[in-house]
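Take a look at the structure below.
Hydrogens, waters and symmetry mates play no part in the numbers below; they use all other heavy atoms, side chains included. As the structure lists them, so they are numbered: ligands from 1, and atoms in each ligand from 1.
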Amino acid sequence: MGESGSIHMPPANSTIAGEVDALFYFIFYTAIVLFVLVMSLTAYFIIKYRRKGKRELTSGVAHNTKLEILWTVIPTILVIIVFIWGFKTYLRMHIAPNDALEIKATGQKWFWTFDYPNGANSMNDLIVPVGKPVKLLMSSQDVIHSFFVPDFRVKMDVLPNRYTITWFEALNVGEYDIFCTEYCGKGHSEMLGKVKVMSEEEYAAWLDKAAVDIPEGMSLEEAGAKLYTSKACATCHSIDGTPGVAPSFLGKFGSREKLADGSEILVDENYVRESILNPQSKVVLGFQPVMPTYQGVITDRQIDALIAYMKSLKQ
Ligand code: CUA
(Lines give C-alpha, C1' and ligand atoms only; values in the text may rest on other atoms or scores of the structure.)
Protein backbone atom coordinates (compact mmCIF):
# COMPACT_ATOMS: atom_id res chain seq x y z
CA MET A 1 0.00 0.00 0.00
CA GLY A 2 1.06 3.58 -0.56
CA GLU A 3 1.84 6.17 2.02
CA SER A 4 -0.98 7.00 4.35
CA GLY A 5 -1.55 10.48 2.99
CA SER A 6 -1.65 13.73 4.91
CA ILE A 7 -4.13 16.23 6.22
CA HIS A 8 -4.20 17.78 2.75
CA MET A 9 -3.92 14.81 0.45
CA PRO A 10 -5.03 11.21 0.26
CA PRO A 11 -2.25 8.63 -0.21
CA ALA A 12 -0.27 9.12 -3.40
CA ASN A 13 -0.77 6.02 -5.51
CA SER A 14 0.17 6.96 -9.04
CA THR A 15 3.48 7.81 -10.66
CA ILE A 16 2.39 11.41 -11.19
CA ALA A 17 0.96 11.97 -7.71
CA GLY A 18 4.29 12.76 -6.05
CA GLU A 19 5.01 15.50 -8.58
CA VAL A 20 1.58 17.05 -8.14
CA ASP A 21 1.95 16.97 -4.37
CA ALA A 22 5.43 18.49 -4.47
CA LEU A 23 4.14 21.47 -6.41
CA PHE A 24 1.14 21.76 -4.14
CA TYR A 25 3.33 21.78 -1.02
CA PHE A 26 5.74 24.26 -2.59
CA ILE A 27 2.90 26.71 -3.24
CA PHE A 28 1.31 25.94 0.12
CA TYR A 29 4.42 26.48 2.26
CA THR A 30 5.59 29.49 0.25
CA ALA A 31 2.18 31.05 0.83
CA ILE A 32 2.39 30.29 4.55
CA VAL A 33 5.87 31.81 4.85
CA LEU A 34 4.79 34.95 3.01
CA PHE A 35 1.56 35.18 4.96
CA VAL A 36 3.34 34.94 8.31
CA LEU A 37 6.01 37.42 7.16
CA VAL A 38 3.49 40.02 5.97
CA MET A 39 1.24 39.61 9.02
CA SER A 40 4.03 39.84 11.58
CA LEU A 41 5.61 42.85 9.87
CA THR A 42 2.19 44.50 9.80
CA ALA A 43 1.72 43.84 13.50
CA TYR A 44 5.24 44.99 14.28
CA PHE A 45 4.82 48.25 12.37
CA ILE A 46 1.42 48.93 13.90
CA ILE A 47 2.98 48.78 17.34
CA LYS A 48 6.32 50.37 16.51
CA TYR A 49 4.95 53.32 14.56
CA ARG A 50 1.78 53.94 16.48
CA ARG A 51 1.04 57.53 17.40
CA LYS A 52 2.48 57.99 20.85
CA GLY A 53 1.77 61.62 21.64
CA LYS A 54 -0.79 64.14 20.48
CA ARG A 55 1.69 66.18 18.46
CA GLU A 56 3.75 63.30 17.06
CA LEU A 57 3.41 62.90 13.30
CA THR A 58 4.86 60.21 11.02
CA SER A 59 7.68 61.11 8.72
CA GLY A 60 6.83 61.80 5.11
CA VAL A 61 8.50 58.72 3.55
CA ALA A 62 6.78 57.92 0.26
CA HIS A 63 9.32 55.73 -1.59
CA ASN A 64 11.92 53.11 -1.01
CA THR A 65 13.31 51.93 -4.31
CA LYS A 66 15.26 49.01 -2.84
CA LEU A 67 12.19 47.67 -1.05
CA GLU A 68 9.99 48.12 -4.09
CA ILE A 69 12.41 46.23 -6.31
CA LEU A 70 12.62 43.49 -3.69
CA TRP A 71 8.88 42.96 -3.43
CA THR A 72 8.50 42.98 -7.19
CA VAL A 73 11.40 40.71 -8.07
CA ILE A 74 10.84 38.00 -5.44
CA PRO A 75 7.16 37.38 -6.28
CA THR A 76 8.00 37.46 -10.00
CA ILE A 77 10.61 34.76 -9.52
CA LEU A 78 8.16 32.71 -7.47
CA VAL A 79 5.48 33.02 -10.14
CA ILE A 80 7.95 31.97 -12.85
CA ILE A 81 9.02 28.94 -10.80
CA VAL A 82 5.42 27.91 -10.22
CA PHE A 83 4.55 28.43 -13.89
CA ILE A 84 7.43 26.40 -15.29
CA TRP A 85 7.06 23.66 -12.71
CA GLY A 86 3.28 23.58 -13.15
CA PHE A 87 3.45 23.57 -16.93
CA LYS A 88 5.96 20.72 -17.02
CA THR A 89 3.83 18.67 -14.65
CA TYR A 90 0.73 19.56 -16.64
CA LEU A 91 2.31 18.23 -19.82
CA ARG A 92 3.42 15.06 -18.06
CA MET A 93 -0.12 14.57 -16.80
CA HIS A 94 -1.77 15.15 -20.15
CA ILE A 95 0.44 13.34 -22.61
CA ALA A 96 0.04 9.61 -22.22
CA PRO A 97 3.07 7.40 -22.88
CA ASN A 98 2.99 5.66 -26.25
CA ASP A 99 2.86 2.19 -24.74
CA ALA A 100 -0.16 3.02 -22.57
CA LEU A 101 -3.00 0.55 -22.39
CA GLU A 102 -6.01 2.33 -23.84
CA ILE A 103 -9.39 2.01 -22.19
CA LYS A 104 -12.50 3.83 -23.30
CA ALA A 105 -14.37 5.51 -20.47
CA THR A 106 -17.91 6.69 -20.95
CA GLY A 107 -19.79 8.85 -18.49
CA GLN A 108 -23.54 9.04 -18.44
CA LYS A 109 -26.26 9.78 -15.92
CA TRP A 110 -25.18 8.32 -13.51
CA PHE A 111 -22.56 5.70 -14.08
CA TRP A 112 -19.30 4.98 -15.81
CA THR A 113 -18.72 2.38 -18.48
CA PHE A 114 -15.26 1.14 -19.35
CA ASP A 115 -14.46 -0.67 -22.58
CA TYR A 116 -11.29 -2.71 -22.82
CA PRO A 117 -9.26 -3.49 -25.91
CA ASN A 118 -10.47 -7.10 -26.11
CA GLY A 119 -14.13 -6.11 -26.15
CA ALA A 120 -14.73 -6.67 -22.45
CA ASN A 121 -16.50 -3.96 -20.58
CA SER A 122 -17.28 -3.07 -17.01
CA MET A 123 -19.51 -0.60 -15.27
CA ASN A 124 -18.27 1.68 -12.50
CA ASP A 125 -15.32 -0.58 -11.76
CA LEU A 126 -12.28 0.28 -13.79
CA ILE A 127 -9.96 -2.73 -13.81
CA VAL A 128 -6.31 -2.00 -14.53
CA PRO A 129 -2.95 -3.71 -14.15
CA VAL A 130 -0.46 -2.33 -11.66
CA GLY A 131 2.69 -0.60 -12.88
CA LYS A 132 1.46 -0.07 -16.42
CA PRO A 133 0.42 3.26 -17.92
CA VAL A 134 -3.31 3.36 -18.61
CA LYS A 135 -4.74 5.90 -21.01
CA LEU A 136 -8.40 6.75 -20.74
CA LEU A 137 -10.22 7.95 -23.80
CA MET A 138 -13.27 9.61 -22.35
CA SER A 139 -16.58 10.93 -23.56
CA SER A 140 -20.07 11.46 -22.24
CA GLN A 141 -23.42 10.20 -23.48
CA ASP A 142 -25.32 13.17 -22.10
CA VAL A 143 -24.09 16.06 -19.97
CA ILE A 144 -20.66 17.06 -18.71
CA HIS A 145 -19.18 14.75 -16.09
CA SER A 146 -15.72 14.77 -14.60
CA PHE A 147 -13.55 11.77 -13.86
CA PHE A 148 -11.68 12.10 -10.58
CA VAL A 149 -9.44 9.63 -8.78
CA PRO A 150 -8.05 11.48 -5.75
CA ASP A 151 -5.42 8.85 -4.96
CA PHE A 152 -3.99 9.18 -8.47
CA ARG A 153 -4.33 13.02 -8.63
CA VAL A 154 -6.19 12.47 -11.88
CA LYS A 155 -9.12 14.67 -12.79
CA MET A 156 -10.50 15.38 -16.23
CA ASP A 157 -13.78 16.65 -17.60
CA VAL A 158 -15.80 14.19 -19.64
CA LEU A 159 -17.75 15.88 -22.40
CA PRO A 160 -20.48 14.95 -24.84
CA ASN A 161 -19.55 15.10 -28.55
CA ARG A 162 -15.87 15.32 -27.86
CA TYR A 163 -13.10 13.11 -26.48
CA THR A 164 -10.84 13.99 -23.61
CA ILE A 165 -7.83 12.04 -22.52
CA THR A 166 -6.16 11.37 -19.23
CA TRP A 167 -3.73 8.74 -18.09
CA PHE A 168 -2.18 7.29 -14.96
CA GLU A 169 0.06 4.52 -13.79
CA ALA A 170 -0.98 2.88 -10.54
CA LEU A 171 1.83 2.17 -8.09
CA ASN A 172 0.06 -0.29 -5.86
CA VAL A 173 -2.50 -3.04 -6.04
CA GLY A 174 -5.72 -1.96 -4.35
CA GLU A 175 -9.01 -0.15 -4.76
CA TYR A 176 -9.29 3.57 -5.29
CA ASP A 177 -12.38 5.77 -5.40
CA ILE A 178 -13.68 7.35 -8.57
CA PHE A 179 -15.82 10.44 -8.15
CA CYS A 180 -17.73 12.56 -10.61
CA THR A 181 -16.70 16.15 -9.96
CA GLU A 182 -18.99 18.00 -12.31
CA TYR A 183 -22.54 18.53 -11.11
CA CYS A 184 -24.58 16.42 -13.53
CA GLY A 185 -28.04 16.18 -12.07
CA LYS A 186 -29.74 14.57 -9.15
CA GLY A 187 -27.67 11.40 -9.22
CA HIS A 188 -24.36 13.27 -9.28
CA SER A 189 -23.35 12.28 -5.77
CA GLU A 190 -24.18 8.64 -6.53
CA MET A 191 -21.96 8.55 -9.57
CA LEU A 192 -19.29 6.56 -7.80
CA GLY A 193 -16.89 3.92 -8.92
CA LYS A 194 -13.65 2.20 -8.04
CA VAL A 195 -10.38 1.72 -9.80
CA LYS A 196 -9.42 -1.87 -9.08
CA VAL A 197 -5.70 -2.22 -9.54
CA MET A 198 -4.59 -5.82 -10.03
CA SER A 199 -1.37 -7.63 -10.73
CA GLU A 200 -0.61 -8.21 -14.39
CA GLU A 201 -1.70 -11.87 -14.17
CA GLU A 202 -4.90 -11.11 -12.30
CA TYR A 203 -5.74 -8.43 -14.81
CA ALA A 204 -5.20 -10.78 -17.74
CA ALA A 205 -7.36 -13.42 -16.09
CA TRP A 206 -10.10 -10.90 -15.37
CA LEU A 207 -9.99 -9.61 -18.92
CA ASP A 208 -10.40 -13.11 -20.35
CA LYS A 209 -13.38 -13.87 -18.20
CA ALA A 210 -14.95 -10.48 -18.66
CA ALA A 211 -14.73 -10.54 -22.41
CA VAL A 212 -18.47 -10.31 -22.11
CA ASP A 213 -19.98 -11.78 -25.14
CA ILE A 214 -23.30 -10.12 -24.83
CA PRO A 215 -24.27 -7.76 -22.03
CA GLU A 216 -27.13 -9.10 -19.98
CA GLY A 217 -30.60 -8.20 -21.14
CA MET A 218 -29.46 -7.28 -24.62
CA SER A 219 -30.67 -9.02 -27.75
CA LEU A 220 -28.13 -10.37 -30.20
CA GLU A 221 -29.16 -7.78 -32.73
CA GLU A 222 -28.73 -4.89 -30.27
CA ALA A 223 -25.41 -6.24 -29.14
CA GLY A 224 -24.37 -6.54 -32.76
CA ALA A 225 -25.26 -2.92 -33.37
CA LYS A 226 -23.03 -1.98 -30.45
CA LEU A 227 -20.22 -4.21 -31.63
CA TYR A 228 -20.49 -2.72 -35.10
CA THR A 229 -19.12 0.52 -33.66
CA SER A 230 -17.10 -0.78 -30.72
CA LYS A 231 -15.25 -3.25 -32.94
CA ALA A 232 -14.70 -0.51 -35.50
CA CYS A 233 -16.57 -2.29 -38.31
CA ALA A 234 -18.09 1.14 -38.89
CA THR A 235 -14.78 2.52 -40.06
CA CYS A 236 -14.96 0.64 -43.35
CA HIS A 237 -18.41 -0.95 -43.64
CA SER A 238 -21.28 1.51 -43.97
CA ILE A 239 -24.83 0.51 -43.09
CA ASP A 240 -26.56 2.82 -45.54
CA GLY A 241 -25.31 1.28 -48.76
CA THR A 242 -22.49 3.74 -49.44
CA PRO A 243 -19.45 1.79 -50.56
CA GLY A 244 -16.30 2.62 -48.65
CA VAL A 245 -13.05 0.81 -48.15
CA ALA A 246 -15.20 -2.30 -47.82
CA PRO A 247 -18.68 -3.48 -48.87
CA SER A 248 -21.60 -1.87 -47.07
CA PHE A 249 -23.53 -4.10 -44.67
CA LEU A 250 -26.86 -2.86 -46.00
CA GLY A 251 -28.74 -5.71 -47.60
CA LYS A 252 -25.58 -7.77 -47.71
CA PHE A 253 -26.76 -10.77 -45.75
CA GLY A 254 -28.36 -13.35 -48.02
CA SER A 255 -27.06 -11.69 -51.17
CA ARG A 256 -24.65 -13.22 -53.64
CA GLU A 257 -21.19 -11.72 -53.92
CA LYS A 258 -18.69 -11.89 -56.75
CA LEU A 259 -15.28 -12.65 -55.36
CA ALA A 260 -11.91 -11.43 -56.53
CA ASP A 261 -11.05 -14.91 -57.85
CA GLY A 262 -14.07 -14.85 -60.14
CA SER A 263 -16.23 -17.22 -58.13
CA GLU A 264 -19.53 -16.34 -56.49
CA ILE A 265 -20.64 -16.93 -52.95
CA LEU A 266 -23.79 -16.67 -50.87
CA VAL A 267 -23.38 -14.33 -47.91
CA ASP A 268 -24.54 -16.61 -45.13
CA GLU A 269 -23.59 -17.16 -41.51
CA ASN A 270 -20.50 -19.17 -42.34
CA TYR A 271 -19.24 -16.71 -44.90
CA VAL A 272 -19.60 -13.78 -42.46
CA ARG A 273 -17.87 -15.76 -39.75
CA GLU A 274 -15.01 -16.67 -42.03
CA SER A 275 -14.69 -13.09 -43.22
CA ILE A 276 -14.36 -11.84 -39.65
CA LEU A 277 -11.81 -14.40 -38.56
CA ASN A 278 -9.97 -14.85 -41.82
CA PRO A 279 -10.79 -11.79 -43.92
CA GLN A 280 -8.25 -12.51 -46.66
CA SER A 281 -9.64 -15.89 -47.68
CA LYS A 282 -12.59 -14.68 -49.77
CA VAL A 283 -12.21 -11.08 -50.84
CA VAL A 284 -15.09 -9.43 -52.63
CA LEU A 285 -14.37 -8.31 -56.19
CA GLY A 286 -13.35 -4.68 -56.40
CA PHE A 287 -12.02 -4.38 -52.84
CA GLN A 288 -8.53 -4.50 -51.40
CA PRO A 289 -7.68 -7.21 -48.86
CA VAL A 290 -7.10 -4.68 -46.09
CA MET A 291 -9.26 -6.00 -43.28
CA PRO A 292 -7.42 -7.13 -40.16
CA THR A 293 -8.34 -10.46 -38.66
CA TYR A 294 -10.53 -10.40 -35.56
CA GLN A 295 -9.15 -13.71 -34.39
CA GLY A 296 -8.63 -13.48 -30.66
CA VAL A 297 -10.41 -10.17 -30.19
CA ILE A 298 -13.93 -11.34 -30.83
CA THR A 299 -15.86 -14.20 -29.29
CA ASP A 300 -18.23 -16.63 -30.95
CA ARG A 301 -21.20 -14.98 -29.28
CA GLN A 302 -20.09 -11.62 -30.58
CA ILE A 303 -19.89 -13.03 -34.08
CA ASP A 304 -23.44 -14.33 -33.59
CA ALA A 305 -24.45 -10.83 -32.58
CA LEU A 306 -22.84 -9.22 -35.60
CA ILE A 307 -24.54 -11.72 -37.88
CA ALA A 308 -27.89 -10.96 -36.24
CA TYR A 309 -27.24 -7.27 -36.74
CA MET A 310 -26.31 -7.75 -40.40
CA LYS A 311 -29.52 -9.70 -40.94
CA SER A 312 -31.48 -6.74 -39.62
CA LEU A 313 -29.93 -4.40 -42.20
CA LYS A 314 -32.36 -5.15 -45.01
CA GLN A 315 -32.52 -3.09 -48.13
CU1 CUA B 1 -21.61 12.83 -13.41
CU2 CUA B 1 -21.62 14.49 -11.68
Side-chain angles (χ1 to χ4, degrees), residues 2 5-17 20-21 23-24 86 89-96 100-129 132-172 174-198 203 206-207 210 212 214-218 222-223 225-227 229-230:
S6 69
I7 188 169
H8 306 292
M9 299 282 196
N13 274 308
S14 75
T15 48
I16 203 84
V20 175
D21 292 7
L23 179 56
F24 169 81
T89 308
Y90 175 86
L91 289 181
R92 268 257 289 151
M93 289 177 80
H94 289 269
I95 300 172
L101 167 74
E102 188 173 306
I103 296 174
K104 173 75 180 61
T106 309
Q108 65 195 89
K109 293 191 242 174
W110 284 280
F111 59 92
W112 300 101
T113 313
F114 302 102
D115 289 280
Y116 303 81
N118 75 338
N121 60 51
S122 62
M123 278 158 75
N124 287 333
D125 289 339
L126 169 59
I127 319 293
V128 298
K132 210 177 173 326
V134 175
K135 172 179 165 185
L136 294 179
L137 178 65
M138 304 191 291
S139 63
S140 165
Q141 297 276 56
D142 37 52
V143 298
I144 301 178
H145 302 275
S146 180
F147 182 87
F148 181 34
V149 183
D151 284 20
F152 295 170
R153 315 292 189 263
V154 157
K155 189 196 268 180
M156 181 50 87
D157 275 5
V158 178
L159 310 166
N161 305 322
R162 180 179 158 177
Y163 294 111
T164 50
I165 282 165
T166 192
W167 76 277
F168 60 83
E169 182 178 329
L171 288 174
N172 300 289
E175 292 191 7
Y176 308 99
D177 290 318
I178 301 171
F179 297 106
C180 176
T181 43
E182 185 66 55
Y183 182 69
C184 54
K186 71 179 169 62
H188 163 69
S189 61
E190 318 281 326
M191 198 167 162
L192 304 167
K194 291 249 188 255
V195 183
K196 296 190 171 160
V197 181
M198 300 175 170
Y203 171 74
W206 177 86
L207 209 55
V212 234
I214 305 299
E216 228 172 304
M218 200 179 260
E222 287 168 332
K226 238 188 105 197
L227 289 164
T229 32
S230 71

Flag for Ser139-Lys104: side-chain donor and acceptor within less than 3.5 Å: yes
Stepwise side-chain contact (heavy atoms from CB on, under 4.5 Å) test for Leu101 and Val128: CA-CA 9 Å; Leu101 167 74; Val128 298; 5.5 Å; no
N, O or S of Met191 under 2.8 Å from atom 1 (Cu) of ligand 1: yes
N/O/S from Cys180 sitting under 2.8 Å away from atom 1 (Cu) of ligand 1: yes
Interatomic spacing from CD1 in Ile95 to OH in Tyr90 - rounded to 0.5 Å: 9.0 Å
pair Leu207-Tyr116: side-chain heavy atoms closer than 4.5 Å: yes
Under 2.8 Å: N/O/S of His145 next to atom 2 (Cu) of ligand 1: no
For atom 2 (Cu) of ligand 1: the N/O/S atom of His188 at shortest distance: ND1
Any donor-acceptor pair under 3.5 Å from Trp112 side chain to Cys180 backbone: no
Atom 2 (Cu) of ligand 1: angle it makes with O (Glu182) and SG (Cys184), nearest 10 degrees: 110°
